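Below, read A as the first sequence line, B as the second, and so on, with proteins coming before strands; counting in each chain starts at 1. Values in this document were obtained by computation on a predicted structure and should not be read as measured data.
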2 protein chains.
Amino acid sequence: MAKRKITNTVALAVLGLLQERPMHPYEMATTLRERLKDSSFKLNSGSLYDTVEALVRHGWIEPVRTVREGRRPERTVYAHTDLGHREFLAWLDELLRRPVPEHPKFAAAVSYLGALGPEAAADALAERVEHLTRHVEEIERVLASTVGAGGLPRLFMIEAEYLLHVARAELEWTRRTVAEIRGGSLAWPEAERTDQGWTWSGQERGGNG
Amino acid sequence: MAKRKITNTVALAVLGLLQERPMHPYEMATTLRERLKDSSFKLNSGSLYDTVEALVRHGWIEPVRTVREGRRPERTVYAHTDLGHREFLAWLDELLRRPVPEHPKFAAAVSYLGALGPEAAADALAERVEHLTRHVEEIERVLASTVGAGGLPRLFMIEAEYLLHVARAELEWTRRTVAEIRGGSLAWPEAERTDQGWTWSGQERGGNG
DNA sequence: TTCCGTATAGTAGGTTCCGACTAGTAGAGA
DNA sequence: TCTCTACTAGTCGGAACCTACTATACGGAA
């Protein structure tokens with residue numbers, strides 16, 4: 001299993017779009033936004049153009065023509081190559097098959113939850129609950145107005161179902177944790193490091209590792 | 001709300017460690033690994049040293065002395081500044097309070113699930129279920145042997161509880177989706193783009209946007 | 001006592017990535 | 001017809017990031 005040459009998922013999006021038909025970069029960007037796929041990809045013009053170049057270098061896509069509309073600057077239209085098609089499917093398969101460790105910033109912050117003290121921590125998380133609630137509702141709304149209204153097959157919005165499921169789980173955990181902190185069932189020891197290892201309130205002595 | 005100067009969460013880890021006591025970079029790395037915090041942070045020596053430098057530039061930490069053990073090279077020991085302490089707490093609060101959109105690679109791949117066809121897609125996801133199952137068990141095992149065994153207060157491993165909760169949700173969704181594909185309850189239309197928009201099997205004509 | 005593997009500690013270099021900026025065009029309104 | 005704003009389309013410089021590599025020290029085996 002050789003290492004991937006390109007890892008940025010914007011490249012996956014580009015390849016995916018070019019399976020449909022040739023496009024120029026700007027059109028890729030607007031198409032992704034229209035289809036609301038910009039929540040699964042991190043899109044910005046800078047990396048889009050870099051990515052397209054990298055794909056050309058690797059021979060996964062190639063310029064097929066340049067067009068000019070009115071007096072706008074020329075635009076280069078790209079199409080995928082055979083190699084690009086195969087790589088697209090292989091990459092997809094790999095991404096679906098093997099989980100890669102992700103490092104969400106929130107998990108990092110949670111690992112230092114203790115530093116804030118119980119009140120401030122519960123307060124911050126409670127606000128997060130508000131945001132997450134709205135986010136979940138937003139995905140539900142989008143799904144209802146597309147798939148729910150018969151406008152699109154489920155398969156076309158399947159990633160929204162996934163994001164919704166995970167968002168709900170996050171919301172659940174956060175809500176529960178706020179309740180636990182405020183209810184006192186999540187103990188808040190004061191930790192201190194000594195020569196012997198860690199100690200915390202309610203404990204004689206603790207070794208760690 | 002001015003924009004963050006440093007966004008890499010390795011910097012958060014460094015600040016967090018220096019709240020305890022001064023350390024040199026190599027010690028930070030080993031400490032994080034020992035405490036199993038390397039699953040919440042993406043650690044590698046390259047960015048660690050870069051990050052420490054950036055923190056010094058911003059005045060959040062500062063070198064306090066250099067030490068030398070045996071004939072090993074000198075090591076610079078850093079401590080956090082007052083500013084660094086305040087920034088640490090403010091950053092934590094912000095990370096906990098406001099969800100930032102993350103872009104997991106899996107979501108990107110799921111959005112092109114259709115391209116693989118039902119058999120290959122179900123196959124890949126089924127393998128993912130295996131991996132996720134093992135991952136969930138691994139977190140459970142770690143929690144059982146630390147918090148469960150009374151070795152550490154829950155608060156010290158709270159991020160593992162979070163990661164576990166989310167991992168279970170992912171597993172659930174993936175398992176269910178495999179079942180839906182194989183059971184036929186997730187329809188697999190062949191999509192085609194025409195001048196008028198999108199069409200797919202089982203539908204006369206579809207407009208999209 | 002020499003060799004080998006592992007731990008220690010960090011550097012170098014290139015690639016990737018992104019935000020900020022540029023600049024032309026079309027259309028609305030005064 | 002002049003200006004103002006929003007859209008179109010992309011460039012550029014620098015920061016962030018990671019991989020691969022260096023090089024020394026130490027402990028144990030042969």
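Of the candidates D:dA9, D:dC18, C:dG10, C:dG10 carries the atom nearest the B:Pro25 side chain, counting heavy atoms from C-beta on. Ranking D:dA20, D:dA16, D:dA9 by closeness to the B:Ser45 side chain, first place goes to D:dA20.
The nearest whole Å value for the distance from the CZ atom in A:Phe41 to the C1' atom in C:dC17 is 17 Å. Rounded to whole Å, atom C1' of C:dA9 lies 14 Å from atom CG of B:Asn44. Here the P atom of nucleotide C:dT22 and the OH atom of A:Tyr49 are 18 Å apart, to the nearest Å. One atom, NZ of B:Lys42, and another, C1' of D:dC17, lie 9 Å apart when rounded to the nearest Å. Atoms CG (A:Asn8) and C1' (D:dA16) sit 14 Å apart, rounded to a whole Å. Between B:Tyr26 atom OH and C:dT6 atom C1' the separation is 10 Å, expressed in whole Å. To the nearest angstrom, P of C:dA9 lies 15 Å from CG of B:Leu43. If you measure from atom CG of B:Leu48 to atom P of D:dA16, you get 15 Å, rounded to the nearest angstrom.
Salt bridge annotation for A:Glu27-A:Arg21: present, with a cationic side-chain nitrogen under 4.0 angstrom from a carboxylate oxygen.
In terms of polar N and O atoms assigned as donor or acceptor, the side chain of B:Asp50 comes within less than 3.5 Å of the base of D:dC18 in a complementary pairing.
Considering only side-chain N and O atoms, B:Arg33 lies nowhere under 4.0 angstrom from the phosphate OP1 or OP2 of C:dT8. Within the 4.0 Å cut-off from OP1 or OP2 of C:dC18, at least one side-chain nitrogen or oxygen of A:Ser47 is found. Look at A:Arg57 and you'll find a side-chain N or O under 4.0 angstrom from OP1 or OP2 of C:dT16.
In this structure the side chain of A:Arg128 never reaches within 4.5 angstrom of the side chain of A:Val178, judged on heavy atoms.
Both B:Glu27 and A:Thr51 sit near DNA chain C, but only B:Glu27 has its closest nucleotide nearer the 5' end. Both B:Thr30 and A:Val10 lie close to DNA chain C; mapped to their nearest nucleotides by heavy-atom distance, the more 5′-ward contact belongs to B:Thr30. Along DNA chain D, the nucleotide nearest A:Thr76 and the nucleotide nearest B:His58 are compared for position; the residue whose nucleotide lies closer to the 5' end is A:Thr76.
No donor-acceptor pair closer than 3.5 Å links the side chain of A:Glu161 to the backbone N or O of A:Met157. Without hydrogens or angle criteria, B:Gln19 side chain to B:His85 main chain gives no donor-acceptor distance under 3.5 Å.
The CG atom of A:Leu92 sits 5.0 Å away from the CG atom of B:Leu116 when rounded to the nearest 0.5 Å.
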